[in-house]
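Order of the sequence lines sets the chain letters (A, B, ...), proteins ahead of strands, with each chain counted from 1.
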2 protein chains.
Amino acid sequence: MRKLETRKEEIVRVAAQLFKEKGYSAVTMRDLAAEMGIKAASLYNHITSKQDILQTIIISLAEEFTEGMNKVIRSEKSSIEKLKKIVQLHVTIASANTNGMASLNTDWMHLEDQLEYYLKLRNDYEQNFLVIIKEGVKNLEIKSKNPEVIMFSMLSTLRSLYLWLPNKEDVSSSDLALHLSEILIEGINK
Amino acid sequence: MRKLETRKEEIVRVAAQLFKEKGYSAVTMRDLAAEMGIKAASLYNHITSKQDILQTIIISLAEEFTEGMNKVIRSEKSSIEKLKKIVQLHVTIASANTNGMASLNTDWMHLEDQLEYYLKLRNDYEQNFLVIIKEGVKNLEIKSKNPEVIMFSMLSTLRSLYLWLPNKEDVSSSDLALHLSEILIEGINK
DNA sequence: TACCTAAACTAACGATTGTTAGTTTTTATT
DNA sequence: AATAAAAACTAACAATCGTTAGTTTAGGTA
């Protein structure tokens, strides 16, 4: 009999939901405790600080993206295929954790000890993304537009998925990833 | 001799910058006062509350977008041309107010009295956007993908502009708008 | 039954929050 | 120089913040 979710994991999960609704700074430990049905002081039997919760949410997600990107980079595929894999990566992670994605995107600046580490992961991710696009331009797979504008556009859409997925529970993840890839890569005009 | 900027406008401008860096909830009136070189209590000679500042930032921007969208809707242009006008609208507003755009995008939920009004403006904006895309599909101008996915993708990119523009001061607004339109409408693959 | 531990509780702490009241200083106008 | 208005100041308020200390309760194990 494995325990499905530890008490700490439960706290982190509920906290991520509240952080999504109001942001890290606006959520108090008393808010979180009330949502858990306990008193604020009781939270500290499971977590060491409010900051600890934020770190747990953000760093695990950031590392998940880093790991996914590394697999894509190592794969022997065309640049366009790599971009499709990245779309799939974002859809998969965002689908499984819409609440945590909100913290990753909007509350990262409230990280304390781990801020520098997070920024390095994010920067490396963007650099890898950019390299894939530049390779695609060199290979004549991708139009020779400004690669940074292309990355910005794609990444903006992918990073916003968490806002939109909760409204689209009827669409399957793989369908959405395919559809999104088409729009991002082939455009919308006939 | 016209006064270029009232003291209240100056406070709102500085507040928008701080809100962008740390978010509305994490910025204290003492932070803001220090940045202005005065004491917190002195702020209240010019503004009525912290909430007042947030409202001033967000509502004026939301109304600017609404006004721009209404002009686009009333214009007699093809659907693709209307979409290009919307791209231009976002680039123009975001360029002129990158800090305020952060509040509009991430701190709107901290609006109190004006929350409902903001949500109506935003919802109307998205509905108008959607209508333009659906008309384009009917006119055979736009590929018959899911219009909501198209809107989500375009709007995500446009709403993220404020994060990216400060790094690209060398690119002219009109060039960027053209470039972005091409990528969003024609895609990236050869 | 006796015991241990996990997890809750009450009470409180020092710090910080947005804001108000009342006062003084600065600035501009006559 | 006198005056009025604008804008700063000091001091403090009640409320709320994250967190700690010490205690009680509930559940499982010896």
Candidates C:dA8, C:dA21, D:dG18 - which lies nearest the side chain of A:H46: C:dA8
Find the distance B:E112:CD to C:dG18:P and express it as a whole number of Å. 12 Å
Between atom CD in A:E10 and atom P in C:dA8, what is the gap in whole Å? 9 Å
Between C:dC9, D:dA12, C:dA21, spot the one nearest the side chain of A:I38, thanks. C:dC9
In whole Å, what is the span from the CZ atom of A:R30 to the P atom of C:dA11? 14 Å
Both A:N45 and A:M29 contact DNA chain D. Which one's nearest nucleotide lies toward the 5' end? A:M29
Indicate whether OP1 or OP2 belonging to D:dA8 is found under 4.0 Å from a side-chain N or O atom of B:R7. yes
Per atom distances to the A:K39 side chain, the nearest of D:dG18, C:dC9, D:dA7 is C:dC9
Length of the line joining B:L43:CG and C:dT20:P, which is rounded to integer Å: 13 Å
Roughly, in whole Å, what's the span from CG in A:L32 to C1' in D:dT19? 14 Å
Are any of the side-chain nitrogens in B:R13 or B:E5 under 4.0 Å away from the carboxylate oxygens of its partner? yes
Side chains of B:D31 and B:T28: donor-acceptor distance under 3.5 Å anywhere? yes
Looking just at side-chain N and O atoms, do A:Y117 and A:E63 make a donor-acceptor pair shorter than 3.5 Å? yes
Spacing of A:L54 atom CG relative to D:dG18 atom P, expressed in whole Å: 13 Å
Tell me which nucleotide among D:dA8, C:dA21, D:dA12 gets nearest to the side chain of B:S42. D:dA8
Closest listed nucleotide, where the reference is the side chain of B:A41 and the choices are C:dT10, D:dC9, D:dT19: D:dC9
Indicate the ring-plane relationship of B:Y125 and B:H90, choosing parallel, tilted or perpendicular according to the 30° and 60° boundaries. perpendicular
Interatomic distance, B:H110 NE2 vs C:dT17 P [rounded to whole Å]: 16 Å
Could you tell me whether the side chain of B:K82 reaches within less than 4.5 Å of the side chain of B:K85, counting heavy atoms only? no
Rounded to whole angstroms, how far apart are CD on A:E5 and P on C:dA7? 13 Å
